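Here the structure is a predicted model, which is why all the values come from computation and not from measurement. Below, read A as the first sequence line, B as the second, and so on, with proteins coming before strands; counting in each chain starts at 1.
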Amino acid sequence: MAPSEIQVVLPDGSTKTLPAGATGADLAKAIGPGLAKAALAIRVNGDVRDLQRPLPDGVKVSILTDKDPQALDVLRHSSAHVLATAVRQLFPKAQIGFGPPIEDGFYYDFDIGRPFTPEDLEAIEQKMAEVTKQDYPFVREEVSRAEAKKRFTDDPLKLERIGDLGPNEVISVYTDGPFVDLCRGPHVPSTGRIKHFKLLHAAGAYWRGDERRQMLQRIYGTAWFSKQDLDQYITRLEEARKRDHRVIGKQLDLYSIQEDVGPGLILWHPNGAILNFELRRFIEDIILQRGYQLVYTPHVTREQLFLRSGHLPLYAANQFPAMAAGEGESEEVHYRVKPMNCPMHILVYASQQRSYRDLPIRLAEIANVYRNERSGTLHGMLRVRGLSMDDAHIFLREDQIEEEIFNLLDIVELVMGKTFGLQYRLDLATRPDKKLGDDRMWDVAEQALESALKRRGLTYRMDIGGGAFYGPKIDIKFNDAIGREWQGATIQLDYELPERFKLEYTGADNKPHRTVIHGFPDRAFRGSVSALAVAGAGSGAADLRRAARRGAGRA
RNA sequence: GCUGACGUAGCUCAAUGGUAGAGCAGCUGAUUUGUAAUCAGCAGGUUAAGGGUUCGAGUCCCUUCGUCAGCUCCA
């Protein structure tokens with residue numbers, strides 16, 4: 001017989017008995033009218049769900065109100081639906097894509113056959129206000145695959161998504177007033193709960209982020225629980241704009257990028273150059289103290305070298321075209337500007353016999369490299385075509401990996417954390433499907449990276465399958481003053497290059513062994529000095545002004 | 001690269017298709033007044049480049065260059 005009652009465990013450990021079939025909303029009501037009014041969603045054994053769903057027996061629950069950060073995601077997800085509701089009313093033929101919550105807001109992708117204009121956004125925002133005023137309840141339904149397909153016959157993008165769903169996945173749809181969306185949920189109880197929102201801007205976005213597919217029009221917005229939060233967020237955006245390194249770089253006369261020279265190529269003016277100089281010296285001091293040896297290698301090399309390293313076939317799109325050198329009678333010899341230093345550092349290592357006693361050998365160079373980045377990705381000093389890369393390649397034995405990474409993480413903290421005060425994040429990227437070498441090798445490498453991270457007591461995110469085909473890596477990412485995320489340094493292991501260049505050392509057993517390389521290229525240190533400083537603390541601009549003045553006085 | 005917006009004096013910005021302007025900065029002179037704004041005058045432009053429409057183009061159209069925003073935080 002079916003039990004007529006269920007019990008749930010509240011956050012304080014007490015239990016509550018409810019009739020079978022009771023929902024989160026029922027629970028909130030049972031606890032108190034105040035909570036019933038404030039309740040937005042419910043956490044059931046860690047999963048956030050709608051209040052309207054029946055509660056299973058024996059679960060741990062916690063009712064979410066506007067005080068819970070997870071509720072903010074729910075609010076924003078629901079805001080995205082309100083946005084889509086409004087767009088569908090104004091553009092009945094609009095096709096709908098995805099509409100998730102994101103950090104600080106939400107977006108929704110549409111195809112209306114043309115881009116949205118600023119006037120469209122205003123009209124949509126007004127329509128959204130009407131939708132929230134109507135206070136439509138969000139109604140969840142679980143449907144069969146056939147039913148789902150029927151409901152979205154006019155939405156090819158949704159149909160494609162339905163086709164991707166696994167056979168055992170529950171398909172749910174949410175309705176708010178006139179709008180129905182394929183959606184996993186959860187949502188706030190009704191559209192009236194969304195009060196403080198603003199549309200920010202529209203831009204093109206490829207369907208599923210794939211540039212081979214059609215371009216949709218994405219509308220970004222933000223939503224908050226209180227007007228105060230919303231206003232604060234808008235102020236924060238304005239403040240951040242003032243701290244943009246491109247603005248400060250101009251104000252302080254740090255650098256310029258000029259059309260006559262080319263996009264992404266930086267002219268360091270005296271005020272910026274003195275910062276560049278100091279930073280270079282700072283970095284070089286650190287690495288010399290820590291057992292690195294400086295090397296200098298040419299800016300151009302024979303193309304053949306990048307063929308041997310394997311870079312050219314993969315990387316050619318990001319390299320500047322070859323130049324003919326006219327050596328002798330041969331038309332065949334071409335040269336390339338270097339996009340990275342590894343092949344040349346490897347040749348330094350390989351220039352003589354190495355003993356296991358010599359390892360690790362740490363070769364470092366702050367080198368100018370040039371990459372033909374896609375035009376649309378360029379951004380001030382942070383994404384450029386010519387940069388000074390603080391680069392190092394460490395040649396070591398497999399048993400030395402962990403210790404070396406352990407020490408390297410200390411340098412990262414010293415530079416990014418202690419010196420620049422950056423909030424950075426560590427991602428451990430593990431073996432991808434297509435990879436080089438055997439599983440044992442990957443086991444050793446990944447474990448070494450992970451235990452170095454653990455020994456340092458660092459928190460990190462796993463990026464399963466995110467490693468390069470030639471080895472796992474630790475990516476170091478940070479946010480700039482305007483909140484955008486950038487790739488800082490990368491610590492990566494490379495099993496490919498030692499193989500290609502037959503790098504060896506003589507072991508204690510008097511036999512040759514394959515060397516492991518571990519690279520530490522860092523595009524952020526000097527390619528973007530002021531950007532780093534500005535990206536840092538809120539006081540960045542003031543510090544920089546002082547530094548620039550000192551620099552000017554000195555010159 | 002793709003989609004969209006944009007490109008006017010060194011900088012920040014004006015100019016219903018009808019003689020390109022202002023503030024700041026610069027230069028000259030006056031002022032000597034205690035720390036972010038003294039006064040007067042002068043100079044500064046092939047309106048990104050090239051083409052087209054028009055009696056007439058900064059403004060409308062096309063091409064190129066550049067800048068800015070976005071381009072899976074997965075229903």
Side-chain angles (χ1 to χ4, degrees), chain A residues 72-73 76-77 80-81 84 95-121 140-143 145 148-149 151-152 155-166 169-174 179-187 200-221 237 241-242 244 246-253 256-265 269 317-318 372-380 382-383 385 425 427 461 463 477 479 482-485 545:
Chain A
L72 203 47
D73 274 350
R76 287 168 180 163
H77 191 179
H81 278 236
Q95 290 177 10
I96 48 177
F98 292 164
I102 55 176
E103 193 177 342
D104 293 334
F106 59 90
Y107 67 77
Y108 211 112
D109 289 341
F110 304 95
D111 188 352
I112 60 163
R114 64 165 178 87
F116 288 107
T117 64
E119 293 75 43
D120 289 337
L121 288 194
R140 176 193 158 91
E141 280 175 273
E142 291 185 7
V143 297
R145 183 170 304 249
K149 282 186 182 167
R151 295 225 193 171
F152 295 99
D155 279 306
L157 304 176
K158 291 290 177 187
L159 287 178
E160 179 179 330
R161 176 64 196 146
I162 293 168
D164 292 343
L165 289 169
E169 285 188 75
V170 173
I171 301 178
S172 55
V173 298
Y174 279 80
F179 181 67
V180 185
D181 198 357
L182 177 76
C183 180
R184 188 172 48 192
H187 283 286
L200 298 174
H201 56 264
Y206 295 105
W207 171 231
R208 311 200 111 173
D210 185 341
E211 65 190 25
R212 287 165 305 195
R213 307 210 51 182
Q214 63 181 304
M215 180 162 278
L216 306 178
Q217 296 301 321
R218 174 170 299 177
I219 298 179
Y220 284 92
L237 288 183
R241 234 167 269 137
K242 288 184 212 156
D244 189 321
R246 291 167 298 186
V247 174
I248 290 177
K250 192 172 269 177
Q251 283 171 354
L252 303 186
D253 194 20
S256 65
I257 298 172
Q258 299 184 30
E259 209 170 323
D260 287 337
V261 178
L265 299 169
H269 298 191
N318 279 335
N372 198 7
E373 303 281 2
R374 300 161 109 205
S375 58
T377 61
L378 298 176
H379 178 98
L382 275 175
R383 187 73 168 202
R385 290 205 170 132
R425 220 180 10 271
D427 286 355
R461 276 193 316 209
D463 181 7
K477 295 174 177 162
N479 288 89
I482 46 182
R484 273 188 286 204
E485 182 176 278
R545 268 191 198 103

Trainee: Consider the side chain of A:Pro115, meaning its heavy atoms from C-beta on, and name the nucleotide among B:rG70, B:rG4, B:rG1 that approaches it most closely.
Mentor: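 Looking only at heavy atoms from C-beta outward on A:Pro115, the closest nucleotide is B:rG4.
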
Trainee: For RNA chain B, report each stem as range with range, ordered by first number, or say none. Use Watson-Crick or G-U wobble pairs under 3.5 Å, at least 3 in a row.
Mentor: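 Stem list for RNA chain B: B:1-7 with B:65-71, B:10-13 with B:21-24, B:26-30 with B:38-42, B:48-52 with B:60-64.
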
Trainee: Check step by step if side chain to side chain contact (heavy atoms under 4.5 Å, CB included) holds for A:Arg161 and A:Phe152.
Mentor: CA-CA 11 Å; A:Arg161 176 64 196 146; A:Phe152 295 99; over 6 Å; no

Trainee: Take the protein atom CG of A:Leu252 and the nucleotide atom P of B:rC11, then report the distance between them rounded to whole Å.
Mentor: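 It works out to 15 Å between those atoms.
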
Trainee: With heavy atoms under 4.0 Å as the rule, sort A:Arg218 into base, sugar-phosphate or nothing.
Mentor: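 A:Arg218: backbone/sugar contact only, no base atoms under 4.0 Å.
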
Trainee: When rounded to the nearest Å, what value does the distance between C1' atoms of B:rG58 and B:rU33 take?
Mentor: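 B:rG58 and B:rU33 have their C1' atoms separated by 44 Å.
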
Trainee: Which nucleotide in the list B:rG1, B:rU12, B:rG70 gets nearest to the side chain of A:Ala203?
Mentor: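 Of the options given, the side chain of A:Ala203 lies nearest B:rG70.
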
Trainee: Are A:Phe110 and A:Tyr108, when compared by the centres of their aromatic rings, separated by less than 6.0 Å?
Mentor: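 Yes: the rings meet the under 6.0 Å criterion.
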
Trainee: Among the nucleotides B:rA69, B:rG7, B:rG4, which one has an atom lying closest to any side-chain atom of A:Glu259?
Mentor: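 Of the candidates, B:rG7 comes closest.
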
Trainee: Between A:Lys250 and B:rG10, is there a side-chain N or O to OP1/OP2 distance below 4.0 Å?
Mentor: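 Answer is no, no contact under 4.0 Å.
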
Trainee: Under 4.0 Å, heavy atoms only, any strand: does A:Pro263 hit a base, just the sugar-phosphate, or nothing?
Mentor: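 Since only primed, P, OP1 and OP2 atoms lie under 4.0 Å of A:Pro263, the category is sugar-phosphate.
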
Trainee: Take atom P in B:rA48 and the same atom in B:rC13, then report the distance between them in whole Å.
Mentor: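 Comparing P positions in B:rA48 and B:rC13 gives a spacing of 15 Å.
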
Trainee: What's A:Leu165 touching, base or sugar-phosphate or nothing? Going by heavy atoms closer than 4.0 Å.
Mentor: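 Base contact.
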
Trainee: Sticking with atom C1', work out how far B:rA15 lies from B:rA57, rounded to a whole angstrom.
Mentor: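 Here B:rA15 and B:rA57 have their C1' atoms 13 Å from each other.
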
Trainee: Starting at atom CZ of A:Phe116, determine the distance to atom C1' of B:rU3, rounded to an integer number of angstrom.
Mentor: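 The answer, rounded to whole Å, is 13 Å.
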
Trainee: Closer to the 5' end of RNA chain B via nearest nucleotide, is it A:Arg208 or A:Thr377?
Mentor: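 Checking each residue's closest nucleotide, the 5'-ward one belongs to A:Thr377.
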
Trainee: What's A:Val170 touching, base or sugar-phosphate or nothing? Going by heavy atoms closer than 4.0 Å.
Mentor: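 Result for A:Val170 = base.
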
Trainee: Return the value, rounded to whole Å, for the distance between atom CD1 of A:Ile219 and atom P of B:rG4.
Mentor: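 Whole-Å distance recorded here is 16 Å.
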
Trainee: Round to the nearest Å and state the distance from A:Arg383 atom CZ to B:rC68 atom P.
Mentor: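 Nearest whole value for this atom pair: 14 Å.
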
Trainee: How many whole angstroms separate atom CZ of A:Arg213 from atom C1' of B:rC2?
Mentor: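 Roughly 15 Å, once rounded to whole Å.
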
Trainee: Using whole Å, report how far CG of A:Asp120 lies from P of B:rU3.
Mentor: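 Going from CG in A:Asp120 over to P in B:rU3 covers 19 Å.
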
Trainee: Mind checking the C1' distance from B:rU16 to B:rU59? Whole angstroms is fine.
Mentor: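 It works out to 10 Å between them.
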
Trainee: Between B:rU28 and B:rA43, how far apart are the two C1' atoms, rounded to whole Å?
Mentor: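 Rounded to whole Å, the distance is 10 Å.
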
Trainee: Could you please name the option among B:rC74, B:rG1, B:rG70 that lies closest to any side-chain atom of A:Arg184?
Mentor: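 So the side chain of A:Arg184 is nearest to B:rC74.
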
Trainee: If you check every side-chain atom of A:Gln217, which of B:rU3, B:rC71, B:rA69 has the closest atom?
Mentor: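 The answer is B:rU3.
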
Trainee: Starting the side chain at C-beta, find the nucleotide from B:rG7, B:rC71, B:rU3 nearest to A:Ala205.
Mentor: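 It is B:rC71.
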
Trainee: So, do A:Arg383 and A:Arg374 sit near enough that their side-chain heavy atoms are less than 4.5 Å apart?
Mentor: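 Answer no - side chains too far apart.
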
Trainee: Provide the distance between the two P atoms, one in B:rC42 and one in B:rU32, to the nearest whole Å.
Mentor: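 Nearest-Å result for B:rC42 against B:rU32 at atom P: 24 Å.
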
Trainee: Are A:Tyr206 and B:rG4 close enough that a side-chain N or O sits under 4.0 Å from OP1 or OP2?
Mentor: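 So the side-chain polar atoms of A:Tyr206 never come under 4.0 Å of the phosphate oxygens OP1 or OP2 of B:rG4.
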
Trainee: Return the set of residues passing side-chain hydrogen bond (donor to acceptor under 3.5 Å, both in side chains) with A:Tyr220 (not counting sequence neighbours), or none when no residue passes.
Mentor: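 For A:Tyr220, the residues satisfying side-chain hydrogen bond (donor to acceptor under 3.5 Å, both in side chains) (neighbours in sequence not counted) are A:Arg218.
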
Trainee: Could you measure between the two P atoms, the one in B:rG4 and the one in B:rC62, and give it in whole Å?
Mentor: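 Straight-line distance between the two P atoms is 11 Å.
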
Trainee: Output yes when A:Arg208 and A:Asp210 qualify as a salt bridge under the 4.0 Å nitrogen-oxygen rule, no when they do not.
Mentor: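 No salt bridge links A:Arg208 with A:Asp210.
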
Trainee: Hey, does A:Ile162 have a side-chain heavy atom less than 4.5 Å from the side chain of A:Arg151?
Mentor: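 A:Arg151 vs A:Ile162: side chains apart.
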
Trainee: Indicate whether OP1 or OP2 belonging to B:rG4 is found under 4.0 Å from a side-chain N or O atom of A:His201.
Mentor: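 Indeed not, no polar side-chain atom of A:His201 lies that close.
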
Trainee: Does A:Pro100 reach the side chain of A:Tyr107, with side-chain heavy atoms less than 4.5 Å apart?
Mentor: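 Result yes, sub-4.5 Å side-chain heavy-atom pair found.
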
Trainee: For B:rG23 versus B:rC61, give the span between their P atoms, rounded off to a whole number of Å.
Mentor: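 Between the two P atoms, the distance is 32 Å.
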
Trainee: Atom CZ of A:Arg246 and atom C1' of B:rC68: how far apart are they, to the nearest Å?
Mentor: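 The answer, rounded to whole Å, is 7 Å.
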
Trainee: Could you check if a side-chain atom of A:Arg246 sits within less than 4.5 angstrom of a side-chain atom of A:His379, using non-hydrogen atoms only?
Mentor: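 The answer is yes; the side chains approach within 4.5 Å.
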
Trainee: With a 4.5 Å cut-off on side-chain heavy atoms, are A:Ile102 and A:Arg76 touching?
Mentor: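 Contact flag for A:Arg76/A:Ile102 side chains = no.
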
Trainee: Provide, to the nearest angstrom, the distance between the CE atom belonging to A:Met215 and the P atom belonging to B:rU72.
Mentor: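 These atoms are roughly 10 Å apart.
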
